[in-house]
**Student:** 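This is the structure I have questions about; it appears just below.
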There are 2 protein chains.
Amino acid sequence: MPPLPTGAELEILAVLWRLGPSTVREVYAALDKNSGYTTTLKQMQVMTEKGLLTRSERYRSHVYEAVAPMEDTQQQIAGDLLRRAFGGSAANLVLGALKAQPASDEDLAEIRRVLKEFEKRERSR
Amino acid sequence: MPPLPTGAELEILAVLWRLGPSTVREVYAALDKNSGYTTTLKQMQVMTEKGLLTRSERYRSHVYEAVAPMEDTQQQIAGDLLRRAFGGSAANLVLGALKAQPASDEDLAEIRRVLKEFEKRERSR
DNA sequence: AGCTTTCTACGATCTTTCTCGTTGACATAC
DNA sequence: GTATGTCAACGAGAAAGATCGTAGAAAGCT
C-alpha cells in the first residue's frame, strides 16, 4: 500500500486532476505557491520515483500524469482522515466540511444524491 | 492561524478527545503504535509548546488536555482537505468517505440530519 | 559555428517530524 | 537509608519533506 501523498504532493496531484496530463511548467504555473520552478520539478520527479506519477516524452518536454485515478486517491485520503481525525464518524466529517466551506445548493443536492445512491447499494445486501 | 496538526499529533489529539484529560502514560497505552513511551511524551511536550495542549499538575503526574475544542480542529482539517484534495467539492469528500468506510444506518441518518440542519440555516439568509 | 531559450537532472541544504537513550526528581517499599 | 519504580526533562540522532542553485542536453535562431 503506497503511503499517502504529502501536502505538497497533494497540491500537485490536484492540479493534474484538474488539468489532465501536463508538463512541469504548466503545473508550476497553476500552483500559486511562492517556491521556484525547480522545486516543483524536483517534487514531481520524486513522485514519479514513488510511483505516484508517470512520465511520457512529448517532443521536448515531459508530460506527467497521475497514476491512480482521482477517486481512488480521494477515497484513501478520506478513509484515513475518517479514522485518524474523526473517530470513524462520517457525520462529523460532513459537518466539519460544511461548516468550513458552506456548500452551494447544487453541492447539497449532489451530496443527497450520493447518499441515496449509497443507501440503495447498502439495502441490496 | 496555527498550523494543522501532523499525523502523529492527530493521533494523540484523537485519544485525548476520546478519553478526556489524560496522562502521558494513558495516552501512550491507548496508542497502538510501536514506538516508545518517551516518544509520545516528547510529542506531547512539543504540542504543549505549540499551544495545542495544556498541562496541569496532578499529584505526581501531569495531565494533558487539548486546547481547541474537537469541533474546531475537525472543521479546520476538513476545510483544508476539501480545498487541497477535493477541489472544494464536498460531495466528492462525502463520497470518498462513504466508499472508504461504509456508514451504518445511524450514521446515515445522522448525516441526513446534519444536512437538513445546514440547509435550514442556509435558507434563512 | 555560436548564442539563446527551454527543458530535465543532480546534488546540497534547511527545516520539520519522529524517535529514543539517558538523566534526575520524587515517592514508596524494604 | 538504600533500593525500586514512576515520571518528566533534555538532548541527540535519524528520517522525511521542501527548497533552490547549478549544470547539461536539445532545439531554434542569426
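To find a chain, count down the sequence lines: A is the first, B the second, and so on, and within it residues start at 1. Heavy-atom basis, side chains included; hydrogens, waters and symmetry copies ignored.
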**Student:** Rounded to whole angstrom units, what separation is found between the CG atom of B/L10 and the C1' atom of C/dT17?
**Tutor:**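 Checked: the CG to C1' distance equals 14 Å.
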
**Student:** Can you measure B/Y37 atom OH to C/dT19 atom C1' for me and round it to whole angstrom units?
**Tutor:**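 Taking OH of B/Y37 and C1' of C/dT19, I get 15 Å after rounding.
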
**Student:** Grab the NE2-C1' distance between B/H62 and D/dT6 for me, whole Å please.
**Tutor:** 13 Å

**Student:** At under 4.0 Å between heavy atoms, what does A/R58 touch on the DNA or RNA strands: base, sugar-phosphate, or nothing?
**Tutor:**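 A/R58: no heavy atom of the nucleic acid under 4.0 Å.
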
**Student:** What do the steps show when you test A/T54 against A/T48 for side chain to side chain contact (heavy atoms under 4.5 Å, CB included), and what is the final call?
**Tutor:** CA-CA 6 Å; A/T54 46; A/T48 303; over 6 Å; no

**Student:** Any ion pair linking B/E117 and B/R113 (charged N to carboxylate O, less than 4.0 Å)?
**Tutor:** no

**Student:** Report the C-alpha separation of B/K99 and A/E71 in whole Å, then their side-chain angles, then the decisive distance to 0.1 Å, and conclude whether the side chain to side chain contact (heavy atoms under 4.5 Å, CB included) test is met.
**Tutor:** CA-CA 10 Å; B/K99 278 198 301 185; A/E71 290 74 21; 4.0 Å; yes

**Student:** How many whole angstroms separate atom OH of B/Y28 from atom P of C/dC18?
**Tutor:**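 Going from OH in B/Y28 over to P in C/dC18 covers 17 Å.
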
**Student:** With rounding to the nearest 0.5 angstrom, report the OH to CG distance, B/Y64 to B/L13.
**Tutor:** 13.5 Å

**Student:** Round to the nearest Å and state the distance from B/I12 atom CD1 to C/dT17 atom P.
**Tutor:**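 Rounded to the whole Å, the gap is 13 Å.
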
**Student:** Contact class for A/V24 vs. all strands (heavy atom < 4.0 Å): base, sugar-phosphate, or nothing?
**Tutor:** sugar-phosphate

**Student:** Does the distance from a Lys or Arg side-chain N to an Asp or Glu carboxylate O, for A/K50 and A/E9, drop under 4.0 Å?
**Tutor:**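 Salt bridge between A/K50 and A/E9, a charged N being under 4.0 Å from a carboxylate O: yes.
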
**Student:** Would you mind checking if B/E119 and A/R112 are paired as a salt bridge, meaning a charged N to carboxylate O distance below 4.0 Å?
**Tutor:** yes

**Student:** Expressed in angstrom and rounded to an integer, what is the separation of A/L41 atom CG from C/dT6 atom C1'?
**Tutor:** 12 Å

**Student:** Any idea which of C/dC7, D/dA8, C/dA9 is nearest the A/Y64 side chain?
**Tutor:** C/dA9

**Student:** Whole angstrom is fine here: how far is it from CG in B/L13 over to P in C/dT17?
**Tutor:** 13 Å

**Student:** In this structure, how many angstroms lie between the C1' atom of D/dA8 and the CD atom of B/E26, rounded?
**Tutor:**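 Going from CD in B/E26 over to C1' in D/dA8 covers 15 Å.
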
**Student:** Treating primed atoms plus P, OP1 and OP2 as sugar-phosphate and everything else as base, which nucleotides of nucleotides 14-19 of chain D get B, S or - for protein heavy atoms under 4.0 Å?
**Tutor:** ---SSB

**Student:** Take B/L98 and A/L115 through the test side chain to side chain contact (heavy atoms under 4.5 Å, CB included) and record every step on the way to the result.
**Tutor:** CA-CA 9 Å; B/L98 289 183; A/L115 271 181; 3.9 Å; yes

